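Note that the numbering runs from 1 along the sequence shown for the chain. From a predicted model like this one, the values you see are computed outputs, not experimental measurements.
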Amino acid sequence: MFKDNWIQILAELERKGEPCVLVTVVEHKGSTPRDSGTKMLVTEHTCYATIGGGHLEYKALKLARDMLLNGEHLMKVERFNLGASLGQCCGGMASIMLEPVVRARHHLVLFGAGHVAKALVHVLATLPFRITWIDERASEFPTEQLSGVTQVVSDDPVGEIADQPAGSFYLVMTHNHQLDLELCAKILKRQDARYFGVIGSQTKRKRFDYKLKERGFSEADLAQMICPIGLAEVVGKYPAEIAVSVAGELISVYQQALASRAGEVTERDKPTVTSLV
C-alpha cells in the first residue's frame, strides 16, 4: 500500500513545508525484515509506513531524526548486519539509504493581513519559510492560496501564540496598536523567538518600551524586540518596498545561522557508507 501512496504523502509534506527523510532499503542479503525497495518517510514526530520494525527500524528512525535535527541535506547509506549485536535474529544484511527530500523551512508567525503583510507573504512564499498567517478578519485574506502559507482566522490572535513551535520567527503588524502590544507581551514571555519584529516607527517603539516595562519586562527582554523592522538602507513607504526590506532582514537572520553552521562542518556531513556490526 505504501508504494501506492508515498508520493502523495511526500507531496503533502512538501505543501506543509514539513521536513522529512525518505528511508529506502537499497540492498538486502539473506533473511531480512523487508526486501530492497521498501520505503518509509520519517518526520520529526511521525513515521509513514515501515521497513520491517524491530531494532533495524529503530536505528533508521534515530538516524533520520538526527539528520532532521542537525539540518543535514546530503544522502547517506548505512549497512547493518542483522545479528545478535543489533538485537535481531534474522542473520541477514540490509543497507538503507537516508535521503532528506523536503528541505527544512523556517517557521514564521505573521499577525495582521494589511497591505504590507499581503505584499510580504508573496515574497516570503518564494523563500524557505512556512508561514502561519493570523488575523481576526477573514475578509482581509486573499482568495489565492500560496504554497507553505496557512491562513488562520482567529477571534483570539494572542491565544494563538501558545501553540507555536519554539524557535519561530514572529512579525507583528496588525491594524490595532493595542492588539500589537498584547501580542508583543505574549511573545516576549515565551523567551524562545528566533526573530521578533514589530512594524512601526521609533515613536511606537518608545511607547511600547514604556508600557512593556510597566508590565515587568527588562531591558534585556525588550532588546529581543526589533522595531522598526526592515533594512535601514531601504526608506521607501510603498508596501512592496517595506515588504522587500523586511524580507531582506529575515533572510539575513537565517543566512547568518547557516553560515555559522557551515563553519562547523565535519566529516559526518559528507555522504558516507558505514558498516554497523
Side-chain angles (χ1 to χ4, degrees), residues 106-125 129-142 146 149-232 234-254:
H106 315 287
H107 181 234
L108 170 70
V109 189
L110 173 59
F111 293 95
H115 296 303
V116 174
K118 289 185 177 75
L120 180 61
V121 163
H122 277 274
V123 177
L124 296 182
F129 281 99
R130 59 184 179 92
I131 303 167
T132 301
W133 192 8
I134 302 170
D135 200 289
E136 299 167 296
R137 307 160 298 171
S139 61
E140 291 301 312
F141 286 116
L146 297 174
V149 179
T150 302
Q151 298 175 2
V152 178
V153 179
S154 175
D155 293 331
D156 180 21
V158 177
E160 300 291 336
I161 295 171
D163 296 327
Q164 306 309 320
S168 293
F169 289 63
Y170 291 90
L171 273 174
V172 175
M173 45 177 63
T174 80
H175 62 293
N176 184 319
H177 276 216
Q178 184 59 38
L179 176 57
D180 282 357
L181 180 65
E182 299 303 324
L183 290 166
C184 289
K186 193 72 170 181
I187 293 167
L188 286 174
K189 283 182 180 178
R190 285 192 55 135
Q191 293 289 312
D192 64 357
R194 187 172 170 192
Y195 169 95
F196 168 34
V198 185
I199 196 168
S201 63
Q202 287 289 356
T203 300
K204 180 177 181 180
R205 172 70 197 237
K206 291 177 181 178
R207 184 182 305 120
F208 274 32
D209 281 354
Y210 175 78
K211 290 182 177 294
L212 290 167
K213 284 179 182 177
E214 286 188 323
R215 300 190 185 193
F217 290 100
S218 67
E219 291 285 355
D221 293 330
L222 298 177
Q224 301 172 40
M225 182 176 70
I226 299 172
C227 180
I229 52 176
L231 302 175
V234 180
V235 296
K237 300 299 182 183
Y238 289 111
E241 291 174 329
I242 299 172
V244 170
S245 174
V246 173
E249 185 169 85
L250 295 175
I251 291 169
S252 72
V253 172
Y254 74 69

Which heavy atom of Ala193 sits nearest to which heavy atom of Ile187, and what is that distance? CB-CG2, 4.4 Å
Residue pair Leu212 / Leu181, side-chain heavy-atom distance below 4.5 Å: yes
Kindly give the heavy-atom pair with the smallest separation between Pro157 and Ser154, and that separation in Å. N-OG, 3.6 Å
Would you say Arg205 and Leu222 make side-chain contact, with heavy atoms under 4.5 Å? yes
Is a donor on one side and an acceptor on the other found under 3.5 Å between the side chain of Arg130 and the backbone of Thr150? no
How far apart are the closest heavy atoms of Ala117 and Leu110, and which atoms are they? CB-CD2, 4.1 Å
So CZ of Phe217 and CE of Met225: to nearest 0.5 Å the spacing works out to 10.0 Å
One should read off an interatomic distance between Ile251 CD1 and Leu124 CG, to the nearest 0.5 angstrom, of 8.0 Å
For His107, does the NE2 atom sit with more than 12 other heavy atoms under 6.0 Å from it, leaving out its own atoms? yes
Looking at residues at least two apart in the chain, or sitting in another chain, which of them share a salt bridge (Lys or Arg N to Asp or Glu O under 4.0 Å) with Asp221? none
How about NZ on Lys204, more than 12 heavy atoms from neighbouring residues, nucleotides or ligands closer than 6.0 Å, or not? yes
Look only at the side chain of Glu249 and the backbone of Ser245, and say whether a donor-acceptor pair between them is shorter than 3.5 Å. no
Contact between Phe111 and Tyr170 at the side-chain level, heavy atoms closer than 4.5 Å - yes or no? yes
Below 3.5 Å, can you tabulate the donor-acceptor pairs from side chains in residues 237-244 to any protein atom, sequence neighbours excluded?
| residue | atom | partner | partner atom | Å |
| --- | --- | --- | --- | --- |
| Glu241 | OE1 | Lys237 | N | 3.1 |
| Glu241 | OE1 | Tyr238 | N | 3.1 |

Would you compute the distance between atom CD1 of Ile131 and atom NE2 of His106 and round it to the nearest 0.5 angstrom? 11.5 Å
What are the two closest heavy atoms between Arg190 and Asp192, and how far apart are they? NH2-OD2, 2.8 Å
Between Lys211 and Glu182 (salt bridge meaning N to carboxylate O under 4.0 Å), is one present in this structure? no
Using a strict threshold of under 4.0 Å (side-chain N to carboxylate O), is an ion pair present between Asp209 and Lys213? no
Taking the side chain as every heavy atom from C-beta outward, state whether Cys184 and Phe196 have any pair of such atoms under 4.5 Å apart. yes
First locate atom CZ of Phe169, then atom OG1 of Thr132, and finally report the distance between them rounded to the nearest 0.5 Å. 13.5 Å
Can you tell me how far NZ of Lys189 sits from CZ of Arg215, rounded to the nearest 0.5 angstrom? 7.5 Å
Would you say Trp133 and Val152 make side-chain contact, with heavy atoms under 4.5 Å? no
Is the distance between the ring centroids of Phe129 and Tyr254 under 6.0 Å? yes
Could you check Val109 against Leu171 for side chain to side chain contact (heavy atoms under 4.5 Å, CB included), going step by step and ending with a plain yes or no? CA-CA 6 Å; Val109 189; Leu171 273 174; over 6 Å; no
How many angstroms lie between CD in Glu160 and CG in Leu183, if you round to the nearest 0.5 Å? 10.5 Å
Report, one line per pair, each donor and acceptor closer than 3.5 Å where one atom sits in a side chain of residues 134-142; sequence neighbours left out.
| residue | atom | partner | partner atom | Å |
| --- | --- | --- | --- | --- |
| Asp135 | OD1 | Arg137 | N | 2.8 |
| Asp135 | OD1 | Arg137 | NE | 2.9 |
| Asp135 | OD2 | Ala113 | N | 2.8 |
| Asp135 | OD2 | Arg137 | NH2 | 3.0 |
| Glu140 | OE1 | Lys118 | NZ | 3.4 |

